[in-house]
Structures are given as C-alpha cells and as structure tokens.
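Below you'll find the structure, written out as structure tokens, and then a few comments.
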Protein chains: 2
Amino acid sequence: MTVNEIATSLATTADTVRYYTRLGLVTPGKSDNGYKFYSNSDQSRLRFILSARQLGFSVKDIKQILQEADHGKSACALVRKLIKTRLDETEKQFQEMLQLRKRMKRALKQWDVMEDKAPTSHMVCHLIENVNSSGIGEA
Amino acid sequence: MTVNEIATSLATTADTVRYYTRLGLVTPGKSDNGYKFYSNSDQSRLRFILSARQLGFSVKDIKQILQEADHGKSACALVRKLIKTRLDETEKQFQEMLQLRKRMKRALKQWDVMEDKAPTSHMVCHLIENVNSSGIGEA
DNA sequence: TCTTGACCTGTGAGTAAGACACAGGTTTAC
DNA sequence: GTAAACCTGTGTCTTACTCACAGGTCAAGA
C-alpha cells in the first residue's frame with residue numbers, strides 16, 4: 001500500500017504516517033516507482049502506534065516499547081511503568097487546565113460589567129491588569 | 001534591573017524574560033557592561049504579559065494587544081474577542097484531556113488483571129492492542 | 001505514442017513557548 | 001592582580017505533527 005492508502009485505512013493522515021516512518025518506527029520497503037510500500041505488518045505496527053498514542057504514550061515512549069518488542073522481549077513491564085508516569089502528567093495538566101478554564105470564565109464574567117478604556121503609560125489593558133484572579137491565594 | 005533581577009521580581013525565569021525580549025514584546029536598554037537593562041516600565045509591561053499568559057492568551061495574541069496599545073488604541077475589544085476564542089479552544093482541549101484521562105484510567109484498571117506476555121510477529125504488546133477503549137464506538 | 005492534467009510523493013521547513021548548553025564577560029574576595 | 005563564582009546573550013533543542021513545494025506518476029484522450 002502507498003502512504004495515502006495506509007493512512008486512509010487507519011483513519012489517520014499521510015503526514016502522520018510519514019512522520020512515524022521518518023523516525024524509523026516503521027520501515028516500509030520501496031516500490032518500483034520509488035514510492036514507499038507499506039506491508040500488512042507495517043499496518044499492524046502503525047495500528048499499534050496509533051493505539052498507544054490514544055492511550056497517551058509519547059512517540060518516544062512508543063519507540064522504546066517497539067525496541068523492546070523488536071528484541072523479542074516483553075514490553076509489558078515498560079508499558080505499565082510508562083503509563084503511570086503519563087497518567088500522572090495528564091492528571092497534573094488536567095488540573096492546570098481546570099484552573100485556567102476557571103480563570104478565563106471568571107474574567108469573562110467580570111468583564112461583562114467593565115467598559116473599554118484607552119491604554120495609559122502604565123496600563124496596557126485594564127481588563128487584564130485589573131482582573132481579580134482570586135481562587136489562587138484568597139485569605 | 002538585569003534580566004535575572006526582573007525575572008525574580010516577577011516570579012518567572014530569566015529564560016522567559018529573554019524569550020519575550022527576543023520577540024520584541026519588551027525592549028530593554030543596554031547597560032555599560034553590555035547587559036540588557038530593564039526599567040520599571042519594562043517591568044509593568046512584563047507583568048502585563050505574564051497576567052495575559054495566565055488568562056490563556058497566546059504570546060502572539062499578546063503581541064497584537066501590545067501593538068494596539070502602543071498605537072494609543074484601546075485593546076479591550078480585541079481582548080474580549082480573543083479570550084472567547086481561547087476559551088473555546090481550552091474547553092475543547094479540556095474535553096479531550098478528560099477523554100484521554102478516562103481512557104488511561106480504564107486501561108490501567110483493565111491491565112491489573114492481565115499478565116505480561118512476550119511479543120509475537122503480529123502483536124507488540126497485548127496490553128495496548130487488546131485494550132477495550134469503549135466509550136468511543138460501542139454499539 | 002504522446003500529452004495534458006490530476007493526483008500523489010518525499011523532503012525540507014515551520015509551528016509554540018520556552019528550556020538548555022555554553023563560550024565568554026563580570027563581579028567579588030583576596 | 002588574580003582566581004573563583006556567577007551571570008549574560010545567543011544559538012540550539014524540544015513535541016508531534018502540519019504545511020509548502022518541486023517534481024514524479026498515472027489514467028484518459030488525441
């Protein structure tokens with residue numbers, strides 16, 4: 001299959017497949033016309049990669065995992081370890097986004113009753129500079 | 001103030017200040033020793049930038065906002081417009097993270113009762129490849 | 001067989017928001 | 001004056017793709 005065919009078959013983009021190929025996660029052969037040729041085993045491999053990405057593994061993680069497997073070793077232990085790390089990170093980012101969202105919504109609400117103002121030498125935009133971002137350190 | 005002093009005074013890093021400086025968001029002068037010199041007005045400007053970042057504005061957004069203000073125009077309308085866009089994006093990313101977190105937790109739970117396995121020619125890691133990622137398309 | 005046009009490919013570069021490396025300059029203590 | 005400690009600016013690296021683009025390929029028509 002060509003890059004476009006395999007991408008379509010896996011519901012992803014040709015660019016993504018090319019990216020993984022460039023990194024050496026898959027190593028397709030070449031057709032006579034010079035185009036890369038993806039086999040069924042390349043397809044399983046890509047399917048694996050996409051699944052792992054869906055679970056929050058980084059591309060680097062996946063590279064490691066594939067290396068283990070390519071050496072015939074079970075990657076399960078590694079996989080279990082990595083996902084814990086990634087889950088911790090995700091949880092942290094999640095909390096941060098939650099806070100960010102809260103700040104944004106609060107600002108938007110506050111601004112509803114604030115009028116527009118011209119900037120001064122020590123104030124770029126009073127909306128932003130006077131936003132009451134409580135919830136961080138309110139006594 | 002030197003870059004390190006101003007960074008400390010604003011509870012950020014010298015690298016961050018240098019980054020904004022490189023982009024031209026602040027334009028410090030030079031001291032005799034060749035080091036950049038940050039004035040009080042640079043400090044207010046940086047404080048503004050950091051506040052805006054806290055509210056989810058991108059650095060590019062902030063550049064636009066500062067430009068308006070530097071031309072003496074009120075940036076409020078722009079600010080109001082931009083935050084709506086950013087909030088929408090944040091909301092979307094937030095939902096995606098929620099889904100990701102759900103998938104990860106679900107996988108971790110499923111894997112508790114699954115044993116490690118060696119890879120086969122058509123299976124890199126059965127934990128990942130057999131994960132039941134329901135909630136996406138379950139009939 | 002040749003040609004035109006549509007489509008596709010691989011490769012190089014660009015993106016966000018800093019973090020990091022490092023050679024060299026500066027300051028302080030002696 | 002010198003040495004050690006510290007600091008600076010600049011260039012490079014990071015993630016996970018996405019975009020641009022010159023050129024090659026394929027099918028249809030003449």
Side-chain angles (χ1 to χ4, degrees), chain A residues 1-38 42 45-46 48-66 82 85-86 89-90 92-93 96-97 100, chain B residues 1-38 42 45-46 48-66 82 85-86 89-90 92-93 96-97 100:
Chain A
M1 312 167 85
T2 67
V3 65
N4 214 5
E5 287 168 353
I6 201 167
T8 304
S9 83
L10 294 170
T12 184
T13 70
D15 276 328
T16 297
V17 173
R18 286 198 197 98
Y19 175 61
Y20 297 147
T21 305
R22 254 196 273 213
L23 293 185
L25 301 190
V26 279
T27 52
K30 292 237 178 184
S31 300
D32 296 341
N33 58 16
Y35 290 0
K36 294 189 172 73
F37 179 80
Y38 293 86
D42 290 326
R45 213 170 158 87
L46 280 169
F48 169 79
I49 295 171
L50 294 170
S51 299
R53 290 289 297 129
Q54 279 290 308
L55 282 176
F57 291 97
S58 73
V59 173
K60 202 177 228 171
D61 289 344
I62 296 170
K63 190 162 197 174
Q64 265 191 81
I65 294 167
L66 286 172
L82 286 173
T85 307
R86 298 295 161 247
E89 290 170 3
T90 301
K92 196 177 151 202
Q93 289 173 31
E96 277 166 15
M97 287 216 69
L100 172 60
Chain B
M1 312 167 84
T2 67
V3 66
N4 214 6
E5 286 167 352
I6 200 166
T8 305
S9 83
L10 294 170
T12 184
T13 70
D15 275 328
T16 298
V17 173
R18 286 199 197 97
Y19 176 59
Y20 297 149
T21 305
R22 253 197 273 215
L23 293 185
L25 301 190
V26 278
T27 53
K30 291 235 177 185
S31 300
D32 296 341
N33 58 16
Y35 290 0
K36 293 188 174 75
F37 178 80
Y38 293 86
D42 290 326
R45 213 171 158 88
L46 281 169
F48 169 78
I49 296 170
L50 294 170
S51 299
R53 291 286 300 130
Q54 280 290 308
L55 282 177
F57 291 96
S58 74
V59 173
K60 204 177 226 171
D61 289 344
I62 296 171
K63 191 162 196 172
Q64 265 190 82
I65 294 167
L66 286 172
L82 286 173
T85 307
R86 298 297 162 245
E89 290 170 4
T90 300
K92 195 176 153 204
Q93 290 173 30
E96 278 165 16
M97 287 217 69
L100 172 60

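Just so it is clear: chains get the letters A, B, ... in the order the sequence lines come, proteins before strands, and each one is counted from 1.
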Between protein and nucleotides 21-25 of chain D, what N or O pairs are separated by less than 3.5 Å?
| residue | atom | partner | partner atom | Å |
| --- | --- | --- | --- | --- |
| dT25(D) | O4' | Y35(A) | OH | 3.1 |

Taking for each residue the nucleotide of DNA chain C with the nearest heavy atom, is it E5(A) or R22(B) whose nucleotide lies nearer the 5' end? E5(A)
Separation of Y38(B) atom OH from dT8(D) atom P, in whole Å? 9 Å
Of the listed nucleotides dA19(C), dA17(C), dA16(D), the one nearest the side chain of T13(B): dA19(C)
Note down the inter-axis angle between the two ends of the helix from dT1(C)-dA30(D) to dC30(C)-dG1(D), five pairs each, to the nearest 10°. 30°
Tell me, with the steps shown, if V3(B) and Y35(B) meet side-chain contact (heavy atoms from CB on, under 4.5 Å). CA-CA 8 Å; V3(B) 66; Y35(B) 290 0; over 6 Å; no
Return the value, rounded to whole Å, for the distance between atom CZ of F57(A) and atom P of dA16(D). 13 Å
Under 4.0 Å, heavy atoms only, any strand: does Y20(B) hit a base, just the sugar-phosphate, or nothing? sugar-phosphate
Below the 4.0 Å mark, does dA17(C) have OP1 or OP2 next to a side-chain nitrogen or oxygen of T16(B)? no
From dC17(D), dT8(D), dG9(D), pick the nucleotide closest to the side chain of K36(B)? dG9(D)
When the distance from CG of L23(B) to C1' of dG11(D) is rounded to whole Å, what number comes out? 15 Å
Have a look at R18(A) and say if it touches a base, only the backbone sugar-phosphate, or nothing, with a 4.0 Å heavy-atom cut-off. base
Report the C-alpha separation of T85(B) and D61(B) in whole Å, then their side-chain angles, then the decisive distance to 0.1 Å, and conclude whether the side-chain contact (heavy atoms from CB on, under 4.5 Å) test is met. CA-CA 11 Å; T85(B) 307; D61(B) 289 344; over 6 Å; no
Quick one: I6(B) CD1 to dG9(D) P, roughly how many Å, whole number? 12 Å
Taking only the side-chain heavy atoms of D15(B) (C-beta and beyond), determine which of dA19(C), dT18(D), dT9(C) contains the nearest atom. dA19(C)
